[in-house]
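To start, the structure itself, in structure tokens.
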Amino acid sequence: QVQLVESGGGLVQAGASLRLSCAASGRALSRFAVGWFRQAPGKEREWVAAISWTGIGSAADSVKGRFSISKDNDKNTVYLQVDNLKPGDTAVYYCAAHSRRFSSGSSNADDYDKWGQGTQVTVSS
């Protein structure tokens, strides 16, 4: 059974940093693109960042320069480093694995078929 488990969220003050983790089992993330999405109450799900199977990262304009995606193939884990957090970053953060192997990544949630349960990030002012 494929499982993605996010961790690393928490309650922090504006300007703080967190490193979110997405640990996978049942699917080798080294062969898949992985995306990070977030959703705040009352808001649409928003793409945050993605990393290709080769390790090339990309990020949404709204977080570019503050968020960085990376992965550790040996640990089968993808990370999202979130710096200079703002109250507007408050959301549940989800990781997702692309539906196809050896993909370049995508900002479209429909391209991902396996999702974690999310980790809550709350940023106070």
>> Using every non-hydrogen atom in the two residues, find where S103 and A33 come nearest and quote the distance to one decimal.
In response: OG-CB, 2.9 Å

>> Check for me, please, whether I51 and F32 land in the same ILVMFWY cluster - side-chain distances under 4.5 Å, paths through other members count.
In response: no

>> Does any part of the side chain of L4, heavy atoms only, come nearer than 4.5 Å to the side chain of L29, both counted from C-beta?
In response: yes

> Can you list the steps and then say if C95 with Q117 is a side-chain contact (heavy atoms from CB on, under 4.5 Å)?
Replying inline: CA-CA 8 Å; C95 67; Q117 283 68 51; over 6 Å; no

> How far apart are the closest heavy atoms of S125 and A14, and which atoms are they?
Replying inline: CA-CB, 4.4 Å

> What do you reckon, is CZ of R100 surrounded by more than 12 foreign heavy atoms closer than 6.0 Å?
Replying inline: no

> How about E6 and S21: does a side-chain donor come under 3.5 Å of a side-chain acceptor?
Replying inline: no

> Do L85 and L18 have side-chain heavy atoms sitting under 4.5 Å apart?
Replying inline: yes

> Yes or no on side-chain contact (heavy atoms from CB on, under 4.5 Å) for V78 and I69, after CA distance, side-chain angles and deciding distance?
Replying inline: CA-CA 7 Å; V78 173; I69 190 170; 3.9 Å; yes

>> I'd like to know if the side chain of N73 reaches the main chain of N76, judged simply by a donor and an acceptor atom lying under 3.5 Å from each other, with no hydrogens or angles considered.
In response: no

> Would you say S107's side chain and W47's backbone share a donor-acceptor pair under 3.5 angstrom?
Replying inline: no

> When rounded to the nearest 0.5 angstrom, what distance separates CZ in R101 from CZ in R31?
Replying inline: 4.0 Å

>> Side chains of S17 and D83 only: does a donor on one sit below 3.5 Å from an acceptor on the other?
In response: yes

> When rounded to the nearest 0.5 angstrom, what is the spacing between CZ in R19 and OG in S7?
Replying inline: 9.0 Å

>> Here's a test for you: under side-chain contact (heavy atoms from CB on, under 4.5 Å), which of L20, L80, V92 qualifies with T119?
In response: L20

> Do S106 and D111 get their side chains close enough for a donor-acceptor pair, meaning under 3.5 Å?
Replying inline: yes

> Would you say N84's side chain and R66's backbone share a donor-acceptor pair under 3.5 angstrom?
Replying inline: no

> Given side chains that start at C-beta, do those of T90 and Q120 come closer than 4.5 Å, heavy atoms only?
Replying inline: yes

> Rounded to the nearest 0.5 Å, what separation is found between the CD atom of Q13 and the OG atom of S124?
Replying inline: 5.0 Å

>> I need the minimum non-hydrogen distance between R38 and A91, along with the two atoms involved.
In response: CB-CB, 3.8 Å

> Can you check ring-ring contact (aromatic ring centres under 6.0 Å, His included) on F37 and Y112, steps first, answer last?
Replying inline: CA-CA 11 Å; F37 296 79; Y112 300 85; 5.4 Å; yes

> What heavy-atom pair brings V121 and V123 nearest, and what distance separates the two atoms?
Replying inline: CG1-CG2, 4.0 Å

> So D89 and K86, salt bridge (Lys or Arg N to Asp or Glu O under 4.0 Å) or not? Walk me through it.
Replying inline: CA-CA 5 Å; D89 296 320; K86 306 176 185 297; over 6 Å; no

> Which value, rounded to the nearest 0.5 Å, describes the distance between K64 atom NZ and S58 atom OG?
Replying inline: 8.0 Å

>> What's the separation between atom SG in C22 and atom OH in Y79, rounded to the nearest 0.5 Å?
In response: 10.5 Å

> Hey, what do you get for NE2 (H98) to CG (N108), rounding to the nearest 0.5 Å?
Replying inline: 8.5 Å

> For S62 and E46, which heavy atoms make the closest approach, and how far apart are they?
Replying inline: OG-OE2, 3.1 Å

>> Donor-acceptor pair, distance only, cut-off 3.5 Å: does the side chain of T77 make one with the backbone of A23?
In response: no

>> Please determine whether residues V12 and V63 belong to a single hydrophobic cluster, defined as Ile, Leu, Val, Met, Phe, Trp and Tyr linked transitively by side-chain heavy-atom distances below 4.5 Å.
In response: yes

>> Please verify the inter-ring angle class for F102 with W53; under 30° counts as parallel, over 60° as perpendicular, anything in between as tilted.
In response: perpendicular

>> Tell me the closest heavy-atom pair linking W115 and Y94, and the distance in Å.
In response: CE3-CB, 4.0 Å

